[in-house]
Amino acid sequence: MTDVITLWTAVYIAMLAAFTGYVVISRVPVILHTPLMSGSNFIHGIVLVGAMVALGLATTPLEQIIGFIAVILGAANVTGGYVVTERILQMFDRSGKKPGKRS
Amino acid sequence: MIDLSWAIDPVYIATIFFFIIGLQRMSHPLTARSGIVWAGAAMFIATLVTFLTPNLTNFSLMAIGIVIGGGFGYIVAKRVAMTDMPQMIALFNGMGGGAAAGISAVVLLGTTSAITGSLAVVGGLIGAVSFSGSIIAFLKLQGWMRPRPITFPGQQVVNMAVLALAIVSGVLVIWQPSWIPLTIAMYLLLFFVLSLGYGFLMTLPIGGADMPVVISMYNAFTGLAVALDGFSIAPPNYAMVVAGIIVGAAGSLLTLQMARAMNRSISNVFFGAFGATEEKGMQIQGSMKSIEVDDVAVMLAYANKVIIAPGYGMAVAQAQQKVKELTDLLDSKSVQVKFAIHPVAGRMPGHMNVLLAEAGVAYDYLFDRDEVNPEFPSTDVVLVIGANDVVNPAAHRQGSPLFGMPILDVEHAKNVIVLKRGQGKGFAGIENDLFYRDNTRMLYGDAQETVGKLVLALKKL
């Protein structure tokens, strides 16, 4: 019974979230495609919290090993994704530089 | 210890809110920089609050794992050159997919209902495919594996068979029929080996030029896998669900937009083995004619209008700074300079914009393909710096593998100067007859060095 209710709730959530993702991306200039791909790559780094819970609830050695590897991979996704996005977007920061102006 | 687990859901909700704000800011050039900071702050608090989840153990393993993985990601991402960013996205995306597959495995090793188990199996399949697929994409872009498509007879049949077997073994993971004497761990091993194998096989026939589209799709895959895992772990983690689905939807849309920019359909990208076959019966007339730096300098100095078409070669040679100097110099000689930016020049959409912005070239110098194409006939000199496939007129000829791809029509300009390292082919592996045209001259050498020489020669004039 609970499973059935959660399933429908899940479908509501999934639908609204999918719509949000679609709307946020739908009017993006081509120059931001790469940073956005990188940024969304960072955001699915939230997999780290799932890996932490999976490891935290692991009881057998096999579960612990897999959970541990998942935490390592998830953490690399988070920091790597952040740094890559940050470095790409840094170049859009005009304050530090004096770009040539068309006369 | 005081029970603080009530804080988890409010913090996760705030996290999602900041993720969305962050993504929205990242989709406008002026606010893009702050977007990632918002998302980063949200990720940080979400990770901290997860430690408060009730009944957790293995805290020291958790901390060690975060330090190892986080340290690895940070150091690698900090050290690589800007030109290598695309494969870094592939690498870290693959790791996210691997983490998702790992979570699925842990969930399936425990006790699950049929519904959560099925979600974990689908999440595990997608995560594993994204993992091995992204790693192949990384190896191809990094040059540790031949970037050309790898094909063999009956490839699609083999791939489909492996996928079907992976799905069957996934069903067995849930069902575990009593007449097969296998343990759950053995089912899982079989399931993940087949899933990883499918990701590997699926990416082999895809050529280097299509990698951005592929990486973007695996990015969406990982998002979906994360969302499915969020449903299947107990208790369900809605931060994972919502963030994962947002990435899945946004990533899918981004994939379609990128494919459209290259005028390729998704199925063509995955099953076309682009660049594997040479065009048959095509004879190129004429020969390549080279030119000296000093002659090019004179040509540029007395031109009214110059358009620069940069490509991956400029990125590899790190020539953008010199190109900026050249632009300033031509500006001071009141030569009109414009940049023609093909959406997929380089290895990623927007690659050229990013590099030129880094060098300090103002946005109003950069023009999209559609804006700049009508201007080529009235242009005196086009400088093609390390671009190849995006200026290949073969795209206008029926039967060419490039046919239909929108290109920069540089061949209509009065003079075309192509800066190129050698006589090799472009990333797509297709001969470029632009180089053989009468109005084309080849300027061989490393782009940074050559543009540097051009600047010196121009100063002397």
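Throughout, protein chains are lettered first and strands after them, A, B, ... in sequence-line order, and every chain is numbered starting at 1.
- When heavy atoms are compared at a cutoff of 4.5 Å, B:Ile64 approaches chain A by way of both its backbone and its side chain.
- Per-residue counts of heavy-atom pairs under 4.5 Å with chain B were compared for A:Gly81, A:Gly39, A:Gly67, A:Ser38; the largest is that of A:Ser38.
- For B:Tyr238, the part lying under 4.5 angstrom from a heavy atom of chain A is the side chain only.
- Heavy atoms of B:Phe231 lying under 4.5 Å from chain A belong exclusively to its side chain.
- Side-chain N or O atoms of B:Asn58 include one that pairs as donor or acceptor with a backbone N or O of A:Leu55 at under 3.5 Å.
- Neither the backbone nor the side chain of B:Val67 comes within less than 4.5 Å of any heavy atom of chain A.
- Ranked by non-hydrogen atom pairs under 4.5 Å with chain B, the options A:Thr20, A:Val23, A:Ile69, A:Thr60 are led by A:Thr20.
- The structure places CE of A:Met52 at 10.5 Å from CG of B:Asn237, a figure rounded to the nearest 0.5 Å.
- Contact annotation for A:Thr59: neither backbone nor side-chain heavy atoms come within less than 4.5 Å of a heavy atom of chain B.
- With a 4.5 Å cut-off on non-hydrogen atoms, A:Ile43 touches chain B through its backbone and its side chain both.
- The contact between B:Phe19 and chain A is made by backbone and side chain atoms together, counting heavy-atom distances below 4.5 Å.
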- Item | Derivation of the side-chain contact (heavy atoms from CB on, under 4.5 Å) call for A:Thr85 and B:Met26 | CA-CA 10 Å; A:Thr85 314; B:Met26 268 187 257; 4.1 Å; yes

- Task: Decide yes or no on side-chain contact (heavy atoms from CB on, under 4.5 Å) for A:Phe42 and B:Asn93, but give the supporting numbers first.
- Result: CA-CA 8 Å; A:Phe42 165 70; B:Asn93 176 58; over 6 Å; no

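- Between A:Leu73 atom CG and B:Phe131 atom CZ the span is 6.0 Å, to the nearest 0.5 Å.
- The line from CG of A:Asn77 to OG1 of B:Thr222 is 7.5 Å long, rounded to the nearest 0.5 Å.
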- Query: So A:Tyr82 and B:Val37, side-chain contact (heavy atoms from CB on, under 4.5 Å) or not? Walk me through it.
  - Reply: CA-CA 9 Å; A:Tyr82 185 86; B:Val37 179; 4.0 Å; yes

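- Annotation for B:Phe51: atom CZ counts as buried by contact number, over 12 foreign heavy atoms lying within 6.0 Å.
- Other residues, nucleotides and ligands contribute more than 12 heavy atoms inside 6.0 Å of the CZ atom of B:Phe59.
- Looking only at side-chain heavy atoms (C-beta outward), B:Leu61 and A:Val71 stay at 4.5 Å or farther from each other.
- In terms of heavy-atom pairs under 4.5 angstrom with chain B, the leader among A:Ala54, A:Ser40, A:Ala58 is A:Ser40.
- The contact between B:Val241 and chain A is made entirely by side chain atoms (from C-beta outward), counting heavy-atom distances below 4.5 Å.
- Note: A:His33 NE2 to B:Gln257 CD = 4.0 Å, rounded to the nearest 0.5 Å.
- Listed by chain and number, the residues in a side-chain hydrogen bond (donor to acceptor under 3.5 Å, both in side chains) with A:Thr34 amount to none (sequence neighbours excluded).
- For the atom pair B:Leu254 CG and A:Ser26 OG, the distance stands at 11.5 Å (nearest 0.5 Å).
- With a 4.5 Å cut-off on side-chain heavy atoms, B:Met240 and A:His44 do not count as touching.
- Atom CZ of A:Arg87 is separated from atom CE of B:Met88 by 9.5 Å, given to the nearest 0.5 angstrom.
- Counting heavy atoms from C-beta on, the side chains of B:Ile246 and A:Val24 never come closer than 4.5 Å.
- When each of A:Val53, A:Asn41, A:Leu48 is scored by its heavy-atom pairs under 4.5 Å with chain B, the top score falls to A:Asn41.
- Contacts of B:Val49 with chain A are absent, with no heavy-atom separation under 4.5 Å from either backbone or side chain.
- Both the backbone and the side chain of B:Ser27 come within contact range of chain A, each with at least one heavy atom under 4.5 Å from a heavy atom of that chain.
- Heavy atoms closer than 4.5 Å to chain A are found in the backbone of B:Ala234, but not in its side chain.
- Of the residues considered (A:Ile66, A:Val47, A:Leu16), A:Val47 shows the highest number of contacts with chain B, using heavy-atom pairs under 4.5 Å.
- In this view, B:Glu325 satisfies the side-chain hydrogen bond (donor to acceptor under 3.5 Å, both in side chains) rule with no residue, not counting sequence neighbours.
- Interface residue A:Val78: only side-chain heavy atoms are found under 4.5 Å from chain B.
- Residue contact with chain A, scored on non-hydrogen atoms closer than 4.5 Å, involves the side chain of B:Tyr12 exclusively.
- For B:Ile89, the parts lying near chain A are the backbone and the side chain together; criterion is any non-hydrogen pair under 4.5 Å.
- Neither the backbone nor the side chain of B:Asp229 comes within less than 4.5 Å of any heavy atom of chain A.
- Proximity to chain A (any heavy atom under 4.5 Å) is shown, for B:Ala227, by neither the backbone nor the side chain.
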